[in-house]
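Taking it in order: structure first as structure tokens, then the write-up.
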Amino acid sequence: MEYVRLGSTGLEVSPLCLGTWRFGQESGGVVETDRESAHELLDAFADAGGNFIDTANGYGGGDSERWIGDWLEGKDREEYVIASKVYWSQNSRFQENLSRKNVRAEIEGTLDRLGTDYLDLYYIHRFDEETPIETTLRTLNDLVREGKVHSLGASTMAAWQLTKALWKADVEGTERFDVTQPLFHAAYREDVADYLDVCADQDLAVCPYSPLAGGFLTGKYERAGDGTQDVDAPDGSRGDLDEMFGDWYVSERGWQVLDEVRAIADEEGATPAQVALRWLMDQEAFTCVPIVGARTTDQLSENLGATDVELAPDQRRRVDDARSA
């Protein structure tokens with residue numbers, strides 16, 4: 001597995017990142033990934049050469065970080081690039097903010113659960129409209145100076161908010177965001193071009209979450225009925241367990257993209273998931289490292305197979321055309 005440079009961080013990471021939001025996560029009363037399964041996924045990812053692991057303080061009520069920390073025991077911490085996030089609270093009594101108090105409390109909880117002295121990458125999970133962004137940036141800057149965090153990232157927010165944060169960092173002379181984590185995939189119903197233009201212009205790496213549209217782009221869903229968002233979902237799939245699946249991931253653009261992705265997969269002897277991931281990995285304007293959240297080692301193996309798929313320029317254009325049709 002050939003590593004890629006993560007934007008301007010200097011970090012060398014695997015071309016796919018292992019997302020762990022399913023660790024301890026309940027959907028429809030069912031725990032999607034328990035501790036044993038989590039460790040199996042981490043083992044499989046590492047055995048394949050993966051070194052980039054993404055978590056957050058709130059995933060599984062903190063279990064995601066705990067289970068990763070348990071797994072890291074006895075391993076060489078320097079071999080892995082660990083990313084986590086802050087906004088919602090596990091340690092602080094305050095909720096949903098990026099105040100100095102909350103960030104300070106949450107970084108200590110995250111480091112304790114992970115059993116490490118530092119994070120390679122620390123994202124703000126959301127943009128806090130109540131706390132001045134310069135206050136948050138100064139706090140994060142202190143964490144970098146103290147060696148608790150190496151690089152900073154920004155997750156979901158509007159393009160203007162990302163631009164404001166970068167401008168404030170430059171004006172204040174603080175550390176700036178080097179990595180972003182937006183919702184972005186080939187079938188996404190919304191246009192995130194403005195956000196991605198900021199990333200390209202500012203040399204920010206992009207690590208999209210839900211790169212397979214919650215499993216929609218794996219090809220296991222079919223149209224059902226006359227409505228665009230009506231799907232025939234396999235038992236136990238997210239479309240079966242999550243009532244909001246159609247609202248989040250299914251659109252007319254999505255069906256058009258899925259049709260083209262399936263056709264290209266047949267041409268290449270690949271799977272739709274591999275084609276969809278390769279389309280993201282091949283973005284030319286910025287470094288793109290998709291975050292895959294597989295539920296089983298077989299799914300993870302399939303996702304990792306995207307590193308062996310090659311798309312011709314014409315095939316990429318066909319996906320692009322399906323997105324804009």
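Numbers here simply count residues along the sequence, with the first being 1.
- Residues P208 and H185 have side chains not in contact (no heavy-atom distance under 4.5 Å, counting atoms from C-beta outward).
- Residues E172 and N141 have side chains that never bring a donor and an acceptor to within less than 3.5 angstrom of each other.
- With hydrogens and angles left out, the side-chain atoms of T136 and T131 include no donor and acceptor closer than 3.5 Å.
- Between H39 and W67, the gap from one ring centroid to the other reaches at least 6.0 Å.
- A side-chain donor from one of S99 and N97 sits under 3.5 Å from a side-chain acceptor of the other.
- Counting heavy atoms from C-beta on, the side chains of R253 and R323 come closer than 4.5 Å.
- Counted by atom type alone, S84 and N57 present zero donor-acceptor pairs between their side chains at under 3.5 Å.
- Taking the side chain as every heavy atom from C-beta outward, D282 and L311 approach each other to under 4.5 Å.
- If you check the side chains of N51 and S14, you find a donor sitting under 3.5 Å from an acceptor.
- Side chains of E302 and T271: a donor-acceptor N/O pair is present below 3.5 angstrom, by distance only.
- A side-chain N or O of D34 and one of S37 form a donor-acceptor pair less than 3.5 Å apart.
- N91 and R113 share a donor-acceptor pair across their side chains, judged by distance under 3.5 Å alone.
- Residue L16 holds its CG atom at 10.5 Å from CD1 of I291, rounded to the nearest 0.5 Å.
- Under the 3.5 Å distance criterion, with hydrogens and angles disregarded, no donor-acceptor pair is assigned to the side chains of Q274 and E268.
- Between Q90 and E106, the side chains place no donor N or O within less than 3.5 Å of an acceptor N or O (distance only, hydrogens not considered).
- In plain terms, the two heavy atoms of P15 and T307 that are nearest each other are CG-CG2, 3.7 Å.
- Taken to the nearest 0.5 Å, the OG1 atom of T116 stands 11.5 Å off from the CD1 atom of I68.
- Side chain to side chain, R176 and Q202 meet the donor-acceptor criterion of an N or O pair below 3.5 Å.
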* Verdict with supporting geometry, E73 and R66, salt bridge (charged side-chain N to carboxylate O under 4.0 Å, His left out) -> CA-CA 11 Å; E73 288 184 13; R66 291 188 191 95; over 6 Å; no
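- In this structure, T110 and V86 have side chains that are not in contact, with every pair of non-hydrogen atoms separated by 4.5 Å or more.
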